[in-house]
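Computation of the quantities below employed the complete heavy-atom set of this structure, encompassing side-chain atoms and omitting hydrogens, waters and symmetry-equivalent molecules.
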Amino acid sequence: LIRMQKGDTSGAIEDFSCALQLDPRLTSAYTNRGMAKHDAGDLGGAIEDLTTAIQLDPKSAIAYCNRGTVRHDAGDLEGAIEDTSRALQLDPKSAVYHNNRGVYRLNLGDLGGAIEDLTAAIQLDPKSAEAYGNRGNAKNQKGDLGGAIEDLTTAVQLDPQSADAF
């Protein structure tokens, strides 16, 4: 994990592969290697590892969430929503999962669903500048300019470095 945090994705992939040689059923190694592959641009390899993690532990909300992220980045928005919905079934109190699904719904054009998810994310984590910014963008696209300005202002107040809110 340290190599991954330092941006050494190839070293991280190597470390997780070594861990899997020692224990081929280590779900966290598949999940982490999947995200390292994602960061390295190997989306197919990432999906493969995350699918293996899910097969080994079908109750791993993080594996579903991460596969949703990879599917989103691969352009499979419906698959991303499906995986993130499963993660939310397993962990309904995750503000991150609500935020992610809200973004995927926004990108798919489901503005009502996006606002619903992003509102849930804000209720679970009222200090999430990201969720306020995303909801502000959804409200803007829906034509609710007053609501958009309110949410984007809150996002900037919570995180003045948040360029997305501008």
Side-chain angles (χ1 to χ4, degrees), residues 1 3-14 16-17 20 27-92 94-122 124-125 128-144 148 151-152 155 159 162-166:
L1 282 174
R3 284 192 192 200
M4 209 159 115
Q5 292 167 348
K6 289 187 174 191
D8 180 6
T9 53
S10 61
I13 292 168
E14 195 177 301
F16 296 129
S17 295
L20 288 166
T27 305
S28 62
Y30 281 108
T31 301
N32 290 326
R33 187 174 73 176
M35 291 316 291
K37 286 181 177 181
H38 167 265
D39 293 348
D42 179 8
L43 302 184
I47 289 173
E48 185 178 311
D49 276 354
L50 291 162
T51 299
T52 300
I54 290 166
Q55 289 168 343
L56 290 171
D57 181 5
K59 294 186 178 186
S60 174
I62 190 69
Y64 278 104
C65 178
N66 287 348
R67 191 173 71 175
T69 298
V70 177
R71 283 181 158 179
H72 171 266
D73 293 350
D76 178 10
L77 296 177
E78 290 178 1
I81 291 168
E82 180 182 318
D83 277 347
T84 309
S85 294
R86 181 66 182 131
L88 279 164
Q89 288 174 344
L90 295 166
D91 184 4
S94 171
V96 171
Y97 300 168
H98 280 285
N99 181 71
N100 287 2
R101 190 173 69 178
V103 169
Y104 307 154
R105 285 179 163 173
L106 176 62
N107 291 340
L108 195 61
D110 177 7
L111 301 179
I115 291 169
E116 180 181 314
D117 276 334
L118 295 164
T119 298
I122 290 165
L124 291 164
D125 182 6
S128 174
E130 183 178 6
Y132 275 104
N134 290 329
R135 191 175 72 177
N137 288 330
K139 286 180 176 181
N140 182 46
Q141 288 184 35
K142 196 169 183 179
D144 177 6
D151 279 352
L152 295 171
D159 180 7
S162 177
D164 291 340
F166 290 103

For this session: Look up atom CG in Asp110 and atom CD in Glu78, then write down how far apart they are to the nearest 0.5 Å.
Result: 11.0 Å
Seminar exercise, completed: Taking every heavy atom of Leu88 against every heavy atom of Ser94, the minimum-distance pair comes out as CD2-O, 4.1 Å
Exercise. Among Ile115, Ile122, Val103, whose side-chain contact (heavy atoms from CB on, under 4.5 Å) with Asn134 holds?
Worked result: Val103
For this session: Taking all heavy atoms of Val70 and all of Leu43, pick out the closest pair and write down the distance.
Result: CG1-O, 3.6 Å
Problem set entry | Straight-line distance of Ser10 OG to Lys37 NZ, nearest 0.5 Å | 13.0 Å
Exercise. Residues two or more places apart in sequence or in another chain: which of them pass side-chain contact (heavy atoms from CB on, under 4.5 Å) with Ala87?
Worked result: Ala61, Tyr64, Cys65, Tyr97
Problem set entry | Atom pair OG1/CG of Thr27 and Leu50 - distance to nearest 0.5 Å | 11.0 Å
Exercise. What distance separates Glu130 CD from Leu118 CG, expressed to the nearest 0.5 Å?
Worked result: 9.0 Å
Exercise. Could you give the distance from OG1 (Thr31) to CG (Asn66), rounded to the nearest 0.5 Å?
Worked result: 6.5 Å
For this session: For Ala138 and Ala114, work out which heavy atoms get closest and say how close.
Result: CB-CB, 4.4 Å
For this session: Evaluate the criterion side-chain contact (heavy atoms from CB on, under 4.5 Å) for residue pair Asp117 and Arg135; output intermediate values, then yes/no.
Result: CA-CA 9 Å; Asp117 276 334; Arg135 191 175 72 177; over 6 Å; no
For this session: Give a yes or no on whether the backbone of Ala95 and the side-chain of Asn99 come within a donor-acceptor separation of less than 3.5 Å.
Result: no
Exercise. Taking it one step at a time, do Leu77 and His72 satisfy side-chain contact (heavy atoms from CB on, under 4.5 Å)?
Worked result: CA-CA 5 Å; Leu77 296 177; His72 171 266; 3.3 Å; yes
Problem set entry | Check: Arg67 main-chain N/O paired with His38 side-chain donor or acceptor under 3.5 Å | no
For this session: Check Pro58 against Leu90 and note the closest heavy-atom contact, atom names and distance.
Result: O-CD1, 3.8 Å
Problem set entry | Nearest heavy-atom neighbours spanning Ala29 and Phe16 | O-CB, 3.8 Å
For this session: Please determine which of Asp83, Thr84, Asp76 meets the side-chain contact (heavy atoms from CB on, under 4.5 Å) test together with Tyr104.
Result: Thr84
Problem set entry | For Arg33, the option from Asp42, Asp39, Asp49 that meets salt bridge (charged side-chain N to carboxylate O under 4.0 Å, His left out) | Asp49
Exercise. Between the main-chain N or O of Gly133 and the side-chain N or O of Asn137, is there a donor-acceptor pair closer than 3.5 Å?
Worked result: yes
Exercise. If you look at every heavy atom in Ala53 and Tyr30, which pair is closest and at what distance?
Worked result: CB-CB, 3.9 Å
